[in-house]
Amino acid sequence: CSMNNALALILAAGIGRRAGLPHPKCLLECGGHTLLERHLRLLRASGVTEAVFGLGHRAEEIRAAASRCNPGMTLRFVENPRYRAGSVVTLWSLRPSLREGRPVLVMDADVLYDQRMLERLMDSRHENVFLLDREFEDGDEPVRLCVRAGRLVEFRKRAQGHFDYCGESVGFFRFGPEMAGRLADRVEHYVETKRDEAPHEEAIRDLLLAWPEAFGWEEVTGLPWIEIDFPADVARARSVVLPRLLPLP
(Lines give C-alpha, C1' and ligand atoms only; values in the text may rest on other atoms or scores of the structure.)
Protein backbone atom coordinates (compact mmCIF):
# COMPACT_ATOMS: atom_id res chain seq x y z
CA CYS A 1 0.00 0.00 0.00
CA SER A 2 1.17 3.53 -0.74
CA MET A 3 2.95 5.41 2.02
CA ASN A 4 1.66 8.70 0.61
CA ASN A 5 -1.35 8.66 2.91
CA ALA A 6 0.39 7.29 6.00
CA LEU A 7 -0.87 8.61 9.32
CA ALA A 8 1.54 9.15 12.24
CA LEU A 9 0.29 8.37 15.75
CA ILE A 10 2.57 9.97 18.34
CA LEU A 11 2.32 8.73 21.93
CA ALA A 12 2.98 11.69 24.22
CA ALA A 13 0.75 11.12 27.25
CA GLY A 14 3.20 9.89 29.88
CA ILE A 15 4.40 11.74 32.96
CA GLY A 16 8.09 10.88 32.44
CA ARG A 17 8.86 11.31 36.13
CA ARG A 18 12.17 9.40 35.98
CA ALA A 19 13.72 11.89 33.56
CA GLY A 20 13.62 14.66 36.15
CA LEU A 21 12.62 17.33 33.62
CA PRO A 22 10.49 20.42 34.43
CA HIS A 23 8.41 19.79 31.30
CA PRO A 24 7.11 16.83 29.25
CA LYS A 25 9.92 14.80 27.69
CA CYS A 26 8.91 15.62 24.11
CA LEU A 27 9.53 19.31 24.88
CA LEU A 28 13.20 18.65 25.66
CA GLU A 29 15.40 20.94 23.55
CA CYS A 30 18.39 19.50 21.70
CA GLY A 31 20.30 21.80 19.41
CA GLY A 32 17.68 24.54 19.59
CA HIS A 33 14.74 22.32 18.63
CA THR A 34 12.42 20.25 20.81
CA LEU A 35 12.01 16.53 20.23
CA LEU A 36 8.45 17.35 19.22
CA GLU A 37 9.50 19.81 16.53
CA ARG A 38 12.08 17.33 15.24
CA HIS A 39 9.42 14.63 14.96
CA LEU A 40 7.14 16.85 12.91
CA ARG A 41 9.86 18.17 10.60
CA LEU A 42 11.26 14.69 9.94
CA LEU A 43 7.79 13.28 9.30
CA ARG A 44 6.97 16.12 6.91
CA ALA A 45 10.26 15.62 5.05
CA SER A 46 9.38 11.92 4.71
CA GLY A 47 6.05 12.72 3.06
CA VAL A 48 3.76 12.33 6.08
CA THR A 49 1.21 15.13 6.11
CA GLU A 50 -0.99 14.17 9.06
CA ALA A 51 -0.26 13.31 12.70
CA VAL A 52 -2.44 12.43 15.66
CA PHE A 53 -1.09 13.00 19.18
CA GLY A 54 -2.14 10.85 22.12
CA LEU A 55 -1.93 13.32 25.02
CA GLY A 56 -2.40 13.16 28.77
CA HIS A 57 0.09 14.77 31.17
CA ARG A 58 0.27 18.55 30.55
CA ALA A 59 -1.66 18.10 27.32
CA GLU A 60 -2.23 21.81 26.68
CA GLU A 61 1.51 22.57 26.71
CA ILE A 62 2.19 19.90 24.12
CA ARG A 63 -0.78 20.90 21.99
CA ALA A 64 0.36 24.53 21.98
CA ALA A 65 3.97 23.61 21.19
CA ALA A 66 2.93 21.34 18.30
CA SER A 67 0.70 24.03 16.85
CA ARG A 68 3.52 26.62 17.08
CA CYS A 69 6.14 24.51 15.33
CA ASN A 70 3.82 22.83 12.80
CA PRO A 71 5.72 22.49 9.48
CA GLY A 72 2.53 22.41 7.40
CA MET A 73 0.87 19.20 8.60
CA THR A 74 -2.66 18.42 9.66
CA LEU A 75 -2.46 17.86 13.43
CA ARG A 76 -5.09 16.20 15.58
CA PHE A 77 -5.05 15.78 19.35
CA VAL A 78 -6.74 13.11 21.45
CA GLU A 79 -6.59 13.32 25.24
CA ASN A 80 -6.41 10.22 27.38
CA PRO A 81 -7.70 11.17 30.85
CA ARG A 82 -6.36 7.86 32.20
CA TYR A 83 -2.77 8.61 31.19
CA ARG A 84 -1.44 7.37 34.53
CA ALA A 85 -2.34 3.83 33.47
CA GLY A 86 -0.25 1.85 30.97
CA SER A 87 0.49 3.25 27.52
CA VAL A 88 -1.89 0.67 26.04
CA VAL A 89 -4.71 2.98 27.19
CA THR A 90 -3.26 5.89 25.19
CA LEU A 91 -3.09 3.71 22.09
CA TRP A 92 -6.65 2.55 22.87
CA SER A 93 -7.76 6.20 22.84
CA LEU A 94 -6.33 6.44 19.30
CA ARG A 95 -8.16 3.34 18.01
CA PRO A 96 -10.41 5.32 15.60
CA SER A 97 -7.24 6.46 13.82
CA LEU A 98 -6.03 2.85 13.62
CA ARG A 99 -9.27 2.00 11.82
CA GLU A 100 -9.08 4.67 9.10
CA GLY A 101 -7.98 2.10 6.51
CA ARG A 102 -4.56 3.60 5.84
CA PRO A 103 -0.93 2.82 6.75
CA VAL A 104 -0.09 3.94 10.27
CA LEU A 105 3.14 4.85 12.02
CA VAL A 106 3.11 4.42 15.81
CA MET A 107 5.89 6.42 17.46
CA ASP A 108 7.06 7.22 20.98
CA ALA A 109 7.42 10.98 21.43
CA ASP A 110 10.50 10.90 23.66
CA VAL A 111 13.12 9.80 21.10
CA LEU A 112 15.95 11.81 19.51
CA TYR A 113 16.75 10.08 16.24
CA ASP A 114 18.26 10.33 12.79
CA GLN A 115 16.27 11.05 9.63
CA ARG A 116 17.57 7.82 8.02
CA MET A 117 15.71 5.73 10.60
CA LEU A 118 12.39 7.18 9.53
CA GLU A 119 13.33 6.71 5.87
CA ARG A 120 14.01 3.02 6.49
CA LEU A 121 10.65 2.66 8.19
CA MET A 122 8.84 4.40 5.34
CA ASP A 123 10.73 2.75 2.47
CA SER A 124 10.65 -0.82 3.79
CA ARG A 125 9.39 -3.54 1.45
CA HIS A 126 7.52 -5.02 4.42
CA GLU A 127 4.02 -3.81 5.09
CA ASN A 128 4.33 -4.21 8.88
CA VAL A 129 7.73 -3.13 10.13
CA PHE A 130 9.84 -2.91 13.28
CA LEU A 131 13.17 -1.06 13.58
CA LEU A 132 15.98 -3.14 15.10
CA ASP A 133 19.28 -1.94 16.54
CA ARG A 134 21.79 -4.70 17.34
CA GLU A 135 24.03 -2.38 19.37
CA PHE A 136 22.37 -1.91 22.75
CA GLU A 137 23.27 -1.97 26.40
CA ASP A 138 21.87 -4.95 28.23
CA GLY A 139 19.58 -4.17 31.15
CA ASP A 140 15.95 -3.78 32.15
CA GLU A 141 15.06 -0.89 29.83
CA PRO A 142 15.57 -2.11 26.23
CA VAL A 143 12.58 -3.79 24.60
CA ARG A 144 14.17 -6.67 22.71
CA LEU A 145 13.35 -7.85 19.21
CA CYS A 146 14.51 -11.41 18.69
CA VAL A 147 15.21 -13.19 15.40
CA ARG A 148 15.32 -16.91 14.72
CA ALA A 149 15.79 -18.43 11.26
CA GLY A 150 15.20 -15.08 9.58
CA ARG A 151 11.92 -14.36 11.33
CA LEU A 152 10.92 -12.18 14.29
CA VAL A 153 9.85 -14.49 17.12
CA GLU A 154 9.81 -12.33 20.27
CA PHE A 155 9.28 -8.71 21.31
CA ARG A 156 9.64 -8.02 25.03
CA LYS A 157 11.94 -6.56 27.67
CA ARG A 158 12.57 -9.99 29.18
CA ALA A 159 12.82 -12.26 26.18
CA GLN A 160 13.05 -16.00 26.77
CA GLY A 161 13.71 -18.91 24.46
CA HIS A 162 16.21 -19.63 21.71
CA PHE A 163 17.15 -16.90 19.22
CA ASP A 164 19.85 -16.36 16.64
CA TYR A 165 20.19 -12.79 17.89
CA CYS A 166 18.29 -9.94 19.55
CA GLY A 167 18.31 -6.22 18.98
CA GLU A 168 16.62 -3.28 20.64
CA SER A 169 13.34 -1.97 19.27
CA VAL A 170 13.49 1.76 18.59
CA GLY A 171 9.82 2.28 19.55
CA PHE A 172 8.72 3.19 16.02
CA PHE A 173 6.45 0.85 14.03
CA ARG A 174 4.65 0.83 10.71
CA PHE A 175 1.44 -1.10 10.17
CA GLY A 176 -0.54 -1.66 7.01
CA PRO A 177 -4.29 -0.91 7.14
CA GLU A 178 -5.30 -4.50 8.00
CA MET A 179 -2.79 -4.89 10.83
CA ALA A 180 -3.60 -1.42 12.15
CA GLY A 181 -7.22 -2.53 12.45
CA ARG A 182 -6.14 -5.66 14.29
CA LEU A 183 -4.11 -3.51 16.66
CA ALA A 184 -7.21 -1.43 17.39
CA ASP A 185 -9.10 -4.64 18.21
CA ARG A 186 -6.27 -5.82 20.43
CA VAL A 187 -5.94 -2.65 22.53
CA GLU A 188 -9.71 -2.67 22.91
CA HIS A 189 -9.44 -6.21 24.30
CA TYR A 190 -6.78 -5.09 26.80
CA VAL A 191 -9.00 -2.31 28.15
CA GLU A 192 -12.14 -4.49 28.20
CA THR A 193 -10.30 -7.18 30.19
CA LYS A 194 -8.90 -4.65 32.70
CA ARG A 195 -5.27 -4.99 31.57
CA ASP A 196 -4.90 -1.21 31.71
CA GLU A 197 -1.42 -1.22 33.23
CA ALA A 198 0.18 -2.91 30.22
CA PRO A 199 2.57 -1.07 27.91
CA HIS A 200 1.30 -0.76 24.34
CA GLU A 201 4.18 -2.98 23.20
CA GLU A 202 2.37 -5.97 24.70
CA ALA A 203 -0.53 -5.54 22.29
CA ILE A 204 1.92 -5.26 19.38
CA ARG A 205 3.68 -8.40 20.62
CA ASP A 206 0.37 -10.28 20.51
CA LEU A 207 0.02 -9.43 16.83
CA LEU A 208 3.59 -10.52 16.09
CA LEU A 209 3.06 -13.89 17.77
CA ALA A 210 -0.28 -14.42 16.03
CA TRP A 211 0.86 -13.39 12.53
CA PRO A 212 4.69 -13.72 12.50
CA GLU A 213 4.81 -14.11 8.72
CA ALA A 214 3.17 -10.67 8.31
CA PHE A 215 6.01 -8.74 9.97
CA GLY A 216 9.49 -7.71 8.91
CA TRP A 217 12.17 -5.45 10.27
CA GLU A 218 14.71 -2.92 9.13
CA GLU A 219 18.17 -2.69 10.67
CA VAL A 220 19.17 0.70 12.04
CA THR A 221 22.35 -0.52 13.73
CA GLY A 222 24.95 2.24 13.68
CA LEU A 223 22.48 5.10 13.29
CA PRO A 224 22.32 7.59 16.19
CA TRP A 225 19.25 7.64 18.43
CA ILE A 226 18.28 7.66 22.09
CA GLU A 227 15.09 7.35 24.12
CA ILE A 228 14.86 9.81 27.01
CA ASP A 229 14.14 7.96 30.25
CA PHE A 230 16.66 9.27 32.80
CA PRO A 231 18.73 12.45 33.41
CA ALA A 232 21.80 10.68 31.99
CA ASP A 233 19.89 10.22 28.72
CA VAL A 234 19.39 13.97 28.44
CA ALA A 235 23.13 14.57 28.72
CA ARG A 236 23.94 11.79 26.27
CA ALA A 237 21.35 13.05 23.79
CA ARG A 238 23.00 16.46 23.64
CA SER A 239 26.65 15.45 23.81
CA VAL A 240 26.79 12.15 21.89
CA VAL A 241 23.70 11.66 19.72
CA LEU A 242 22.97 15.20 18.51
CA PRO A 243 26.38 15.79 16.85
CA ARG A 244 25.92 12.59 14.80
CA LEU A 245 22.49 13.42 13.38
CA LEU A 246 21.92 14.54 9.80
CA PRO A 247 20.96 18.24 9.66
CA LEU A 248 17.29 18.79 10.40
CA PRO A 249 15.37 19.31 7.14
Side-chain angles (χ1 to χ4, degrees), residues 1-11 35 38-49 51 91 98 102-138 141-157 159 163-180 182-183 199-228 237 241 244-249:
C1 55
S2 169
M3 286 298 107
N4 293 338
N5 68 333
L7 176 65
L9 306 186
I10 301 176
L11 305 181
L35 300 186
R38 289 177 177 275
H39 262 306
L40 292 176
R41 287 175 63 171
L42 292 174
L43 284 165
R44 189 69 187 88
S46 299
V48 178
T49 60
L91 193 53
L98 291 168
R102 55 202 286 196
V104 170
L105 308 179
V106 175
M107 312 178 77
D108 290 333
D110 58 351
V111 182
L112 177 66
Y113 62 99
D114 192 86
Q115 180 181 356
R116 290 164 287 189
M117 299 174 79
L118 189 52
E119 289 170 355
R120 288 184 192 178
L121 192 66
M122 294 288 288
D123 296 341
S124 176
R125 62 186 175 84
H126 305 288
E127 186 174 39
N128 306 296
V129 194
F130 291 80
L131 295 182
L132 184 151
D133 185 350
R134 295 202 202 198
E135 294 176 358
F136 69 99
E137 290 183 18
D138 209 6
E141 287 302 314
V143 181
R144 290 160 173 76
L145 268 173
C146 302
V147 178
R148 183 173 69 235
R151 180 172 283 186
L152 292 171
V153 293
E154 183 56 289
F155 173 54
R156 222 173 209 178
K157 284 189 176 182
F163 319 112
D164 298 329
Y165 64 90
C166 290
E168 182 175 2
S169 167
V170 173
F172 297 166
F173 314 91
R174 193 184 93 200
F175 303 101
E178 183 179 10
M179 197 62 72
R182 288 172 177 169
L183 182 56
H200 66 283
E201 289 93 347
E202 282 295 293
I204 295 172
R205 175 181 183 266
D206 292 345
L207 300 185
L208 173 64
L209 298 185
W211 292 280
E213 70 288 344
F215 286 89
W217 74 93
E218 296 296 334
E219 290 252 1
V220 294
T221 307
L223 293 180
W225 71 281
I226 188 168
E227 183 177 8
I228 306 299
V241 177
R244 295 181 56 209
L245 299 179
L246 289 181
L248 198 60

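We count residues from 1, following the sequence as given. Only a predicted model underlies this, so the values are computations on that prediction, with no experimental measurement involved.
Shortest non-hydrogen contact noted between Ala45 and Gln115 is CB-NE2, 4.5 Å. Of all the heavy atoms in Ile228 and Ala237, the pair that sits closest is CD1-CB, 3.9 Å. The minimum heavy-atom distance between Ile10 and Ala109, with the atom names listed, is CG2-CB, 3.7 Å. Nearest heavy atoms, Pro103 versus Pro177: N-CG, 3.9 Å. Nearest approach of His200 to Leu91, heavy atoms of both residues: CB-CD2, 3.9 Å. For Leu131 against Met117, the heavy-atom pair with the smallest separation is CD1-O, 3.7 Å.
The shortest side-chain heavy-atom distance between Pro224 and Arg116 falls under the 4.5 Å cut-off. Residues Leu42 and Pro249 meet the side-chain proximity criterion, which asks for heavy atoms closer than 4.5 Å. Using a 4.5 Å heavy-atom cutoff, the side chains of Leu145 and Glu168 are not in contact. Tyr113 has its side chain within reach of His39: a pair of non-hydrogen atoms, C-beta onward, lies under 4.5 Å apart. Residues Arg144 and Phe163 are not in side-chain contact: their nearest non-hydrogen atoms beyond the backbone lie 4.5 Å or more apart. Looking only at side-chain heavy atoms (C-beta outward), Asp114 and Arg244 stay at 4.5 Å or farther from each other. Between Arg182 and Phe175, every side-chain heavy-atom pair lies at or beyond the 4.5 Å cut-off. Looking at heavy atoms from C-beta onward, Glu213 lies in side-chain contact with Arg151 at the 4.5 angstrom threshold.
We find that Arg205 and Glu201 are not joined by a salt bridge, their nearest charged nitrogen and carboxylate oxygen being 4.0 Å or further apart.
Here CG of Leu208 is found 9.0 Å from CE of Met179. Values are rounded to the nearest 0.5 Å. Here Ile204 contributes atom CD1 and Leu209 contributes atom CG; the two are 12.0 Å apart, rounded to the nearest 0.5 Å. Taken from CD1 in Ile226 to CG in Leu35, the straight-line distance is 10.5 Å, to the nearest 0.5 Å. Taking CG of Leu223 as the start and CZ of Arg120 as the end, the distance is 4.5 Å to the nearest 0.5 Å. With rounding to the nearest 0.5 Å, the separation of CD in Glu218 from CZ in Arg125 is 7.5 Å.
Thr221 meets the side-chain hydrogen bond (donor to acceptor under 3.5 Å, both in side chains) test with Glu219; sequence neighbours excluded.
Residues Phe173 and Phe155 place their aromatic rings such that the two centres sit under 6.0 Å apart.
With hydrogens and angles ignored, the 3.5 Å screen pairs a side-chain donor or acceptor of Arg102 with a backbone N or O of Asn5. No side-chain donor-acceptor contact under 3.5 Å links Arg134 to the backbone of Leu132. Listed for the Ser46 side chain is no donor-acceptor partner under 3.5 Å among the backbone atoms of Val48. Formation of a donor-acceptor pair under 3.5 Å by the Asn128 side chain with backbone atoms of Gly176 is found in this model. Proximity of a side-chain donor or acceptor of Arg148 to a complementary backbone N or O of Glu154 within less than 3.5 Å is not detected. Here the side chain of Asp133 pairs no donor or acceptor atom with the backbone of Val170 at under 3.5 angstrom. No donor-acceptor distance shorter than 3.5 angstrom exists from the side chain of Asp108 to the backbone of Asp110, with no hydrogens or angles considered.
Ring orientation note: the planes of Trp217 and Tyr165 are nearly perpendicular, at an angle over 60° on the 30°/60° scale.
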